[in-house]
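As the structure is a computational prediction, the values presented were derived from the model and not from experiment.
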Amino acid sequence: MMDEQEFRRAAETAIDALKKHLIVKEEDDAAGFEVEEQNGVLNVVFEEASGKFVITPNTPVRQVWISALSTSFKLDWNPDSAAFVLPRTGELLIPLLDRLIGEYHAG
């Protein structure tokens, strides 16, 4: 298992890359959401139905957690891909969040 400093660096890098990705998507008029960051926690706030996704690093267990669609998604660090991955599907952080946003809009 990675130590706390390694995890914090990896999580910060991953969440920053996700934030940049989402900011680009947010600029599309049809996106329907805004991205907010507070103290290392990323929020995706939807304009319709007052929905919100929360992406947060969980240092004690060395995971990045996504609270979305009434579910908690817990991503583990995968050293082979140097990325946070959802174990049961193998999805990486950015594609997973893109999928969840699509499901939110479709739901």
Side-chain angles (χ1 to χ4, degrees):
M1 182 187 282
M2 61 184 3
D3 71 30
E4 184 173 329
Q5 278 189 313
E6 289 173 319
F7 170 78
R8 287 183 187 276
R9 276 194 302 273
E12 184 178 304
T13 299
I15 291 173
D16 190 54
L18 176 61
K19 180 176 74 173
K20 289 176 182 171
H21 171 77
L22 291 172
I23 287 171
V24 169
K25 290 185 69 123
E26 175 185 58
E27 291 174 4
D28 180 353
D29 290 336
F33 65 83
E34 289 185 12
V35 180
E36 301 171 350
E37 183 179 18
Q38 281 186 306
N39 302 321
V41 175
L42 203 59
N43 295 299
V44 179
V45 182
F46 294 94
E47 295 163 5
E48 57 188 57
S50 301
K52 181 168 141 178
F53 292 179
V54 179
I55 302 95
T56 184
N58 189 318
T59 303
V61 293
R62 310 292 195 263
Q63 294 177 321
V64 170
W65 288 7
I66 301 173
S67 176
L69 304 175
S70 302
T71 306
S72 181
F73 299 88
K74 299 175 180 179
L75 289 82
D76 294 321
W77 178 254
N78 182 317
D80 295 334
S81 60
F84 286 94
V85 178
L86 185 62
R88 68 180 151 83
T89 64
E91 289 172 283
L92 301 175
L93 179 61
I94 291 174
L96 171 61
L97 208 60
D98 283 345
R99 177 175 66 81
L100 295 173
I101 289 169
E103 288 179 18
Y104 179 85
H105 285 305

Enquirer: List the atom of F33, the atom of H105, and the distance in Å for their closest heavy-atom pair.
Expert: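 The answer is CD2-NE2, 4.5 Å.
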
Enquirer: In Å and rounded to the nearest 0.5 Å, what is the CG to CD distance from D76 to Q63?
Expert: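 It is 4.5 Å, given to the nearest 0.5 Å.
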
Enquirer: Would you call E12 and R9 a side-chain contact if the rule is heavy atoms closer than 4.5 Å?
Expert: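 Not touching, per the 4.5 Å side-chain cut-off.
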
Enquirer: Test L42 against every option in T56, V54, L22, D16 by the side chain to side chain contact (heavy atoms under 4.5 Å, CB included) rule and name the one that passes.
Expert: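 Only one option passes, and that is L22.
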
Enquirer: What is the distance from atom CZ of F84 to atom CD1 of I94, rounded to the nearest 0.5 Å?
Expert: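 So the gap between those two atoms works out to 12.5 Å.
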
Enquirer: Test question: given the 4.5 Å side-chain rule for I, L, V, M, F, W and Y, name all other residues clustered with V85, or answer none.
Expert: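 Result for V85 is L92.
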
Enquirer: Look at the side-chain heavy atoms of Ile, Leu, Val, Met, Phe, Trp and Tyr, link any pair under 4.5 Å apart, and say whether L69 and L18 land in one connected group.
Expert: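 Yes, one cluster joins them.
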
Enquirer: Any chance you could measure R8, atom CZ, to T59, atom OG1, to the nearest 0.5 Å?
Expert: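 R8 atom CZ to T59 atom OG1 measures 4.0 Å (nearest 0.5 Å).
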
Enquirer: Specify the closest pair of heavy atoms between A11 and V64, including all atoms of both residues, with the distance to one decimal.
Expert: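 Distance-wise, the nearest heavy atoms are CB-CG2, 4.3 Å.
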
Enquirer: Calculate, to the nearest 0.5 Å, the distance between atoms OG1 and CG belonging to T71 and L100 respectively.
Expert: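 Rounded to the nearest 0.5 Å, the OG1-CG separation comes out at 8.5 Å.
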
Enquirer: When rounded to the nearest 0.5 angstrom, what distance separates CD in E37 from CD1 in I23?
Expert: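 Output value for this atom pair is 8.5 Å.
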
Enquirer: Which atom names give the shortest non-hydrogen contact between I55 and I66, and what distance separates them?
Expert: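 Smallest interatomic distance, heavy atoms only, reads CG1-CG1, 4.0 Å.
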
Enquirer: How close do E26 and V35 get, counting heavy atoms only, and between which atoms?
Expert: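 Result for this residue pair: OE2-N, 2.7 Å.
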
Enquirer: Kindly compute the distance separating NZ (K25) from CG (D98), expressed to the nearest 0.5 Å.
Expert: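 Reported value, rounded in 0.5 Å steps: 4.0 Å.
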
Enquirer: Would you call the rings of Y104 and F46 parallel, tilted or perpendicular, where under 30° means parallel and over 60° means perpendicular?
Expert: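 Plane angle under 30°, so parallel.
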
Enquirer: For F73 and L86, work out which heavy atoms get closest and say how close.
Expert: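 Heavy-atom minimum between the residues: CD2-CD2, 4.0 Å.
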
Enquirer: Would you find a donor on one side and an acceptor on the other, under 3.5 Å apart, between the side chain of N43 and the backbone of V45?
Expert: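 Checked: no pair found.
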
Enquirer: Tell me if a side-chain donor or acceptor on R62 pairs with a main-chain N or O of M2 at a distance below 3.5 Å.
Expert: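 Yes.
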
Enquirer: So which heavy atom on S72 is nearest to which on K74, and how close?
Expert: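 Smallest interatomic distance, heavy atoms only, reads OG-CE, 3.6 Å.
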
